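This report refers to the structure that appears directly beneath it.
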2 protein chains.
Amino acid sequence: MLTERQLLILRAIIDDYIQTAQPVGSRTLSKRDDLSFSSATIRNDMADLEDMGLIEKPHTSAGRIPSEIGYRYYVDHLVETKIIDERETYRLGERLRASAQESEVLIRQAADLLSDLTNYTTVALGPNSQMNRLARIDLMPLDERRGVVLIVTDQGHVEHRTVVFDSPMAPDLVEQTIRFLNDRLKGTPLGQLKFRIGEEVAKLRLAHQEQFEFMMQLIQSTIEVQHPASLYLGGKKNIFNQPEFQTLDTLRPFLEWIDEQERLTDWLESLPNREIYVSIGSENGIVALQNCSVITSDYTLDGKTFGTIAMIGPTRMDYRHGVQMMGQIIEALRRTKLEE
Amino acid sequence: MLTERQLLILRAIIDDYIQTAQPVGSRTLSKRDDLSFSSATIRNDMADLEDMGLIEKPHTSAGRIPSEIGYRYYVDHLVETKIIDERETYRLGERLRASAQESEVLIRQAADLLSDLTNYTTVALGPNSQMNRLARIDLMPLDERRGVVLIVTDQGHVEHRTVVFDSPMAPDLVEQTIRFLNDRLKGTPLGQLKFRIGEEVAKLRLAHQEQFEFMMQLIQSTIEVQHPASLYLGGKKNIFNQPEFQTLDTLRPFLEWIDEQERLTDWLESLPNREIYVSIGSENGIVALQNCSVITSDYTLDGKTFGTIAMIGPTRMDYRHGVQMMGQIIEALRRTKLEE
DNA sequence: TATTAGCACTCATATTTACTGAGTGCTAAT
DNA sequence: ATTAGCACTCAGTAAATATGAGTGCTAATA
């Protein structure tokens, strides 16, 4: 168990290191107003903290830096749980609402805002369209054999794909088929669309041979639509300002990783479903993010569960501020009404 | 005017430098099989080439490197104009066609392919949707007051936007308005859509007050749609492998610049309209690309003018290979039929 | 007259060496 | 239990030196 003084020292080391990115020495600490002990005393405590694995030294004659365990302790015990500053939340909400009605734009804005507030990189994952329900499916003819399949969801999300048919489309056949599909499939979650279309087609198979053929083609194209969840990156440039990313060796893996949209999406979707979660250094299990910490949170928009937002910074990130800002943003989003 | 030998030397210097990224010295050159002169002779010619501004030395005791003027001379006089390798073009075409029917996917594929072939970064700009003509406009209701405005162009491009109306939408009013707009506006280039809608609305103003109000709202949302041309980046990682981008000072401006989608689009659209154009170093006028050269070309797909594709590498890029590959790709695209 | 050999000179880069100073750990005094 | 004192460690910096690739010029050569 840590003594009162050791706690103070640990906190001071981490706070200091977060600010300066430099190892913190005993003399520096003893000069602080809130630590009125001699450097020797502090050194003794530091040795204890090191034995406990909470801090470590880069080399013999350097000061101490927090270890991952140290950060973990700091986050779990020394960072106040989120305090919503009503006025600030309101102001953030205003800035968000000023931008747009459209949920996707709103999410982007939120990511940018969070990144501006913290100077870290943010990633926001929009609603997984697999959960969206079909509002309408349509086929707009472009010419005799080409058309655009449109899939609009109840959330206003639109997927589209150009299809080319083997033979010219008969207008009334198209209309008939589309009406049929709309009648049967309205409200189907996109994730089940492929399966449900299959069912409907099967029913139809014997009855209307011609329509069947046509629909088969339609389906084949439609089901290939990948329904990617919308992903948005905010403040990617911020990484350039972090002292720990001033060398190519550290910068490159990060940039390469963050540019891989698909992997990023999978990662965000795989995160545990919680309000605010802090993952420190190697905890996140991603090699490219070894030296990063991530603050993630699911968020709701207009009351409905929506997506995930993440904030990525160096392990030496300002957890206190980060957690706070994350809290404000998701609270502001929660209170945002889409229609007004 | 350059002597035969000076030409040979200039070419050798550039070829060598392109490969090694190291200043080329007279002794290195005199060892080459195609240069059977003594290093002293070569030194004399090098001095002349330097007087002419074609090469320069980084410092007194280093070899020579090509100047921008040197590269320009090299590209204009020493690189063969594109030779289409029929078999290779065919193979590239196959690889492209294998991927998809959809033009946007095809363009992405082309950018990736070009980047794979050259190990440089590529940017592909899809068709400017402002040129696309309206195939159909539609409003799909989501609930009483929200709907999705869909704009489909003759090229299969889709724009969409969620709109929220002040008052509930009357189904027949919606239908009537949409039919009206479709009747009047079909075939209108997207760039003129805003203006044309204005015209139609003016006509309607006095006749149908209610419909007018509704349409005004519809318009307001629609015209805000930004019709961004589709932009695709290929092989961004490649930059990490270029020796001239191993320091943050050079890397950072490049990465920051290339991540700015909007600026990138404007830039590509502002390029002179030609088949294949090489812009060397500062010629392109972009600070972040001071040390880069760019090979750009407009391309056609299925015979129709389509967009622009660019290849960005260090000034010391392999122009010969780059120009060649660019030629192959746009030729392959030109021969690609969208429907088959 | 064009080419080449020879040589002094330049200058980036690498290596060595010495120095500085922030920081530690331990011991003995308070 | 705390603190003063001191020997020791070691990254970082700076100066000193060496290395070698490359140049420009001059004089000899074909």
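Note that these values count all heavy atoms, side chains included, but never hydrogens, waters or copies made by symmetry. The model shown is predicted, which means the values in this text are computed figures rather than measured ones. Labels below follow one simple rule: chain letters A, B, ... track the order of the sequence lines, proteins then strands, and each chain is numbered from 1.
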remark   = The contact string for nucleotides 9-30 of chain D, one letter per nucleotide 5' to 3', using protein heavy atoms under 4.0 Å with B, S and - for base, sugar-phosphate only and none, comes out as BBS---------BSBB------
Which pairs would a plain distance check flag for residues 7-22 of chain A, meaning a side-chain donor or acceptor within less than 3.5 Å of a matching protein atom at least two apart in sequence or in another chain?
{"residue": "Arg11(A)", "atom": "NH2", "partner": "Leu78(A)", "partner atom": "O", "Å": "2.9"}
{"residue": "Asp15(A)", "atom": "OD1", "partner": "Tyr74(A)", "partner atom": "OH", "Å": "2.6"}
{"residue": "Asp15(A)", "atom": "OD1", "partner": "Arg320(A)", "partner atom": "NH2", "Å": "3.4"}
{"residue": "Thr20(A)", "atom": "OG1", "partner": "Asp16(A)", "partner atom": "O", "Å": "3.1"}
{"residue": "Thr20(A)", "atom": "OG1", "partner": "Gln22(A)", "partner atom": "N", "Å": "3.1"}

task = Let me know the distance between CG of Asp45(A) and P of dT3(D), rounded to the nearest Å.
result = 10 Å
key: Heavy-atom closest contact (Gly235(B) atom, Ser115(B) atom, distance)   = CA-OG, 3.1 Å
inquiry  = Only pairs with both distances under 3.5 Å count, Watson-Crick or wobble alike; so what is the partner of dC25(D) in this structure?
reply    = dG6(C)
key: Integer-rounded Å distance: dA1(D) C1' and Glu4(A) CD   = 17 Å
ask   = Quick one: does Cys292(B)'s side chain get under 4.5 Å of Thr315(B)'s, heavy atoms only?
value = no
request  = Go through the steps to decide whether Glu260(B) and Lys237(A) satisfy the test salt bridge (Lys or Arg N to Asp or Glu O under 4.0 Å), and finish with yes or no.
outcome  = CA-CA 10 Å; Glu260(B) 204 81 44; Lys237(A) 289 185 201 176; 3.6 Å; yes
Nucleotide dT2(D), atom P - distance to CG of Asp48(A) in whole Å = 11 Å
query = Going by the ring pair (Phe, Tyr, Trp, His ring centres under 6.0 Å) test, which pairs reach into residues 250-270 of chain B, not counting sequence neighbours?
reply = Phe245(B)-Phe254(B), Trp257(B)-Trp267(B)
task = Considering only NZ, NE, NH1 and NH2 on the basic side and carboxylate oxygens on the acidic side, decide whether Arg72(B) and Glu68(B) come within less than 4.0 Å.
result = no
